[in-house]
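As structure tokens, the structure follows; a few thoughts come after it.
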Number of protein chains: 2
Amino acid sequence: MISTKGRYAIRVMLDLAENDTGSYIPLKDIAARQAISKKYLEIIVKDMVTGGLITGTSGKGGGYKLCRKPEDYPLGEIIELMEGTLSPVACLADKSNDCPRKAACQTLPLWVEYDNMVHDFFYGKKLSDLIRKP
Amino acid sequence: MISTKGRYAIRVMLDLAENDTGSYIPLKDIAARQAISKKYLEIIVKDMVTGGLITGTSGKGGGYKLCRKPEDYPLGEIIELMEGTLSPVACLADKSNDCPRKAACQTLPLWVEYDNMVHDFFYGKKLSDLIRKP
DNA sequence: CCATTTACCTACCGTGTCAATAGGTTTTTT
DNA sequence: AAAAAACCTATTGACACGGTAGGTAAATGG
């Protein structure tokens, strides 16, 4: 299940893309437009800055903006950053995994195939694909 | 993420299919072969009986058995039963949903497309596809 | 008939995540 | 200097996950 973190992050990105004026957009405005608690968005947006999705600046006239063109953001990158992983099972999520059943595991190929499908799906979609055309 | 409930359930089904002798298989044997706590498996197996995946009978000579042929079990049914849903977001998981943003939601089509893909994937795979050929 | 074996039932528990809320501090511009 | 904004730390309530513990009911073998 995609949590609010991932879903809200996509909405913030969309909001930034659609209301792009070239200058920084304050979080207050985004929170108001999206009807999401500004306080909660602060947490999410912080991770987005750390993860290299957006940039922020303090002070009057400050706010956030995208640092790439919308077509250069795969949705998979956004979701993976916010959710931690896109993988369906723990043994694929962290590569430092050393499951003793690995060789004998009958279901592992299934999870690998699923993992690849999901990865391809979300990395094939870009932020620009979701933008509302006026 | 698929939890242990779903993963263990599939392993129990596989164990039942591969060790099928026509009679009931006690949970003790399954737990030993799969190296999973019998106590924890009890919880999982109970849901599988209620959900119509397997049948169980008490007493000496009792245990569990499949109630269909392995090729008649879509993996999606097993996972959906154990995990509650296969849907990526809450607004698709429960149909009694009445999200006010539904009409305006820019991401809903994405989740619907994803939901369909996952559903098709797991309902296309059958338990028999995972059975080890000797 | 009775002891054994098995499923079945209820309850509990520690840990962690989710979805926020609260309040304060720093940075930057006007 | 004042305002506006990001940034930081801490806390909370609810709930799910991954079990554990102990007892009850049912069915069979001897």
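All figures in this text were calculated on a predicted structure; none of them were measured in a lab. All chains are named by letter (A, B, ...) in the order of the sequence lines, taking the proteins before the strands, and each is independently numbered beginning at 1.
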* Atom OH of B/Tyr64 to atom P of C/dT5: distance rounded to whole Å? -> 17 Å
* Answer with yes or no after comparing the ring centroid distance for B/Tyr64 and B/Tyr24 against a 6.0 Å cut-off, counting only values under it. => no
* Asked: Taking atom C1' of C/dT5 as reference, at what distance in whole Å does atom CD1 of B/Ile30 sit?
  -> 15 Å
* To do: Specify the separation, in whole Å, of atom CD1 of B/Ile44 and atom P of D/dG19.
  => 8 Å
* What residue among B/Arg33, B/Arg132, B/Lys65 forms salt bridge (charged side-chain N to carboxylate O under 4.0 Å, His left out) with B/Asp15? -> B/Arg33
* Do B/Met1 and A/Met117 belong to the same hydrophobic cluster, where Ile, Leu, Val, Met, Phe, Trp and Tyr are linked whenever their side-chain heavy atoms lie under 4.5 Å apart, directly or via other members? -> no
* Asked: Could you run down nucleotides 10-22 of chain C 5' to 3' and tag each one B, S or - for protein heavy-atom contact under 4.0 Å?
  -> ---------BBBB
* Would you indicate what B/Gly63 reaches in the nucleic acid, counting non-hydrogen atoms under 4.0 angstrom: base, sugar-phosphate, or nothing? => sugar-phosphate
* Asked: Of the nucleotides D/dC7, D/dA6, C/dA7, which has the atom closest to the A/Lys38 side chain?
  -> D/dA6
* Asked: Out of C/dT29, C/dT4, D/dC7, which has the shortest distance to the side chain of A/Ser58?
  -> D/dC7
* Asked: Between the side chains of B/Thr4 and B/Tyr40, does any donor sit under 3.5 Å from an acceptor?
  -> yes
* Taking OP1 and OP2 of C/dT6, is either one under 4.0 Å from a side-chain nitrogen or oxygen of B/Lys28? -> yes
* Asked: Regarding A/Glu80 and A/Tyr123, is there a side-chain donor-to-acceptor distance under 3.5 Å anywhere?
  -> yes
* Which part of the nucleic acid does B/Tyr24 contact within heavy-atom distance under 4.0 Å: base, sugar-phosphate only, or nothing? -> nothing
* Are B/Glu77 and B/Arg68 within salt-bridge range, i.e. N to O under 4.0 Å? -> yes
* Can you tell me the distance, in whole Å, between the CD1 atom of B/Ile25 and the P atom of C/dA7? => 11 Å
* D/dA6 P sits how many Å from A/Asp47 CG, rounded? -> 16 Å
* Any sub-3.5 Å donor-acceptor pair from B/Tyr73's side-chain atoms to B/Ser128's backbone N or O? -> no
* Round to the nearest Å and state the distance from B/Met82 atom CE to D/dC17 atom P. => 11 Å
